[in-house]
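Remember, it's 1-based here, ligands and their atoms both numbered in the order they're listed. The structure presented is a predicted model; accordingly, all values stated were derived computationally and were not measured. In what follows, residues are counted from 1 in the order of the sequence shown.
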Amino acid sequence: MSARHFLSLMDCTPAELHGLVRRAIELKDLRRQGVLYEPLKGRILGMIFEKASTRTRLSFEAGMIQLGGQAIFLSPRDTQLGRGEPLSDSAIVMSRMLDAVMIRTFAHSTLTEFAAYSSVPVINGLSDDLHPCQLMADMQTFQEARGSIAGKTVAWIGDGNNMCNSYLEAAVQFDFQIRVACPAGFEPKSEFIALAGDRLQIVRDPREAVAGAHLVSTDVWASMGQEEEAQQRAELFRPYQVSRALLDQAAHDVIFLHCLPAHRGEEISHDLLDDPRSLAWDQAENRMHVQKALLEFLVMHAQQA
Ligand code: CP
Ligand code: NVA
């Protein structure tokens with residue numbers, strides 16, 4: 001059971017995370033040059049999706065194919081996972097046939113339990129608590145556009161959700177300050193607040209969070225699994241919409257990121273993704289490059305272990 005897993009940004013050292021971002025930029029460049037690079041020939045990634053996805057599925061699948069390997073999509077609806085086969089048994093069996101497993105799920109404990117029984121690397125493709133692969137793409141996007149994020153200030157506007165929790169981990173690992181503006185009762189989980197310590201400031205006013213910030217980000221007001229709360233949340237979160245005018249309060253060279261999918265007219269104004277300060281399309285593409293770096297790192301490490 002010596003496989004390295006990537007369930008959270010805290011599973012790697014800051015040096016490893018910086019190395020992955022550097023490698024992602026190299027792999028992106030290789031692809032731009034048309035260089036074929038297939039270190040994972042014959043390798044297979046299993047992808048378990050308990051929630052919907054466009055970017056995560058596509059970026060992992062395309063990434064594996066580009067690296068010379070293949071990916072298999074597994075839906076709980078069509079596997080015994082959806083019929084009550086224990087997670088531990090599934091993990092043992094799957095890891096005898098696969099070289100890595102990516103899981104998008106609800107409870108984070110599904111990931112930790114699966115990983116405890118998996119002999120191959122397990123990657124978090126989003127849980128109710130965290131979205132670490134997305135944060136790696138965000139960090140790559142900032143690095144490419146503005147250089148090191150160390151010492152900079154990030155503003156997170158809206159829900160203290162899985163993305164926000166991962167931003168708090170990123171603040172620790174990539175060494176930046178973070179201001180979260182959210183309505184009372186929608187703060188990030190207390191364990192991540194404790195982890196971020198004095199790097200974190202929670203405020204109610206989005207203008208206070210954004211003042212002088214170098215990176216502004218937000219996310220949907222109702223995450224997957226919270227569909228029934230959507231209407232009630234829409235009322236509460238209305239003052240937290242990110243608009244061009246709000247970005248004008250940030251640093252002159254601020255960038256805006258959104259993990260997508262976006263709801264125009266809710267958490268962002270209709271025109272925000274067209275603003276030159278928004279790098280959301282590069283950010284989406286970078287999912288593929290940084291996850292290729294991650295797959296290379298994890299699968300090669302598992303091979304050597
Ligand atoms: N950002 C992100 O994870 O998108 P998907 O839900 O489309 O995978
Ligand atoms: N917070 C969102 C992120 C989607 C990529 C969700 O969990 O639905």
Taking atom types as modelled and ignoring hydrogens, do the side chains of Asn286 and Glu144 form a donor-acceptor contact shorter than 3.5 angstrom? yes

Would you call Arg204 and Glu187 a salt bridge, taking side-chain N to carboxylate O under 4.0 Å as the test? yes

Does Leu260 have a heavy atom less than 4.0 Å from any atom of ligand 2? yes

Residue pair Leu9 / Pro132: nearest heavy atoms and the distance that separates them: CD2-O, 3.8 Å

Closest non-hydrogen protein atom to atom 8 (O) of ligand 2, residue and atom name please, with distance? Met224 N, 2.8 Å

Looking at Phe297, I'd like to know if the NZ or CZ of Arg4 sits under 6.0 Å from its six-membered ring centre while staying within 45 degrees of the ring's axis. no

Applying ring-ring contact (aromatic ring centres under 6.0 Å, His included) to Phe142 and Phe174, what does each step give before you reach the verdict? CA-CA 11 Å; Phe142 191 92; Phe174 288 88; over 10 Å; no

Test: Glu227 and Lys51 ion pair at under 4.0 Å: no

Which is it for Leu126 and ligand 2 at heavy atoms under 4.0 Å: side chain, backbone, both or neither? side chain

Any ion pair linking Asp274 and Arg244 (charged N to carboxylate O, less than 4.0 Å)? no

Taking Asp253 first and then Lys152, would you say they form a salt bridge - that is, a charged N and a carboxylate O separated by under 4.0 Å? no

Just distances here: any N/O of Asn162 and N/O of ligand 2 closer than 3.5 Å? yes

Output yes when the distance from some N or O of ligand 2 to some N or O of Asp219 is under 3.5 Å, and no in every other case. yes

Heavy atoms of Ala3 and Val120 approach each other most closely as CB-C, 3.5 Å

Enumerate the pairs of nitrogen or oxygen atoms, one from ligand 1 and one from the protein, separated by less than 3.5 angstrom; state names and distance to 0.1 Å.
{"unit_1": "ligand 1", "atom_1": "1 (N)", "unit_2": "Gln134", "atom_2": "OE1", "d": "3.0"}
{"unit_1": "ligand 1", "atom_1": "1 (N)", "unit_2": "Cys259", "atom_2": "O", "d": "2.9"}
{"unit_1": "ligand 1", "atom_1": "1 (N)", "unit_2": "Leu260", "atom_2": "O", "d": "2.9"}
{"unit_1": "ligand 1", "atom_1": "3 (O)", "unit_2": "Thr56", "atom_2": "OG1", "d": "3.0"}
{"unit_1": "ligand 1", "atom_1": "3 (O)", "unit_2": "Arg104", "atom_2": "NH2", "d": "2.9"}
{"unit_1": "ligand 1", "atom_1": "3 (O)", "unit_2": "His131", "atom_2": "NE2", "d": "2.9"}
{"unit_1": "ligand 1", "atom_1": "3 (O)", "unit_2": "Arg287", "atom_2": "NH1", "d": "3.1"}
{"unit_1": "ligand 1", "atom_1": "4 (O)", "unit_2": "Arg55", "atom_2": "NE", "d": "2.8"}
{"unit_1": "ligand 1", "atom_1": "4 (O)", "unit_2": "Leu260", "atom_2": "O", "d": "3.4"}
{"unit_1": "ligand 1", "atom_1": "6 (O)", "unit_2": "Arg104", "atom_2": "NH1", "d": "2.8"}
{"unit_1": "ligand 1", "atom_1": "7 (O)", "unit_2": "Thr54", "atom_2": "N", "d": "2.7"}
{"unit_1": "ligand 1", "atom_1": "7 (O)", "unit_2": "Arg55", "atom_2": "N", "d": "2.8"}
{"unit_1": "ligand 1", "atom_1": "7 (O)", "unit_2": "Arg55", "atom_2": "NE", "d": "3.1"}
{"unit_1": "ligand 1", "atom_1": "7 (O)", "unit_2": "Arg55", "atom_2": "NH2", "d": "3.0"}
{"unit_1": "ligand 1", "atom_1": "8 (O)", "unit_2": "Ser53", "atom_2": "OG", "d": "2.7"}
{"unit_1": "ligand 1", "atom_1": "8 (O)", "unit_2": "Arg55", "atom_2": "N", "d": "3.4"}
{"unit_1": "ligand 1", "atom_1": "8 (O)", "unit_2": "Thr56", "atom_2": "N", "d": "2.8"}
{"unit_1": "ligand 1", "atom_1": "8 (O)", "unit_2": "Thr56", "atom_2": "OG1", "d": "2.7"}
{"unit_1": "ligand 1", "atom_1": "8 (O)", "unit_2": "Arg104", "atom_2": "NH1", "d": "3.4"}
{"unit_1": "ligand 1", "atom_1": "8 (O)", "unit_2": "Arg104", "atom_2": "NH2", "d": "3.2"}

For ligand 2, which is the ligand I care about here, please tell me if Ser223 has any N or O atom under 3.5 Å from one of the ligand's N or O atoms. yes

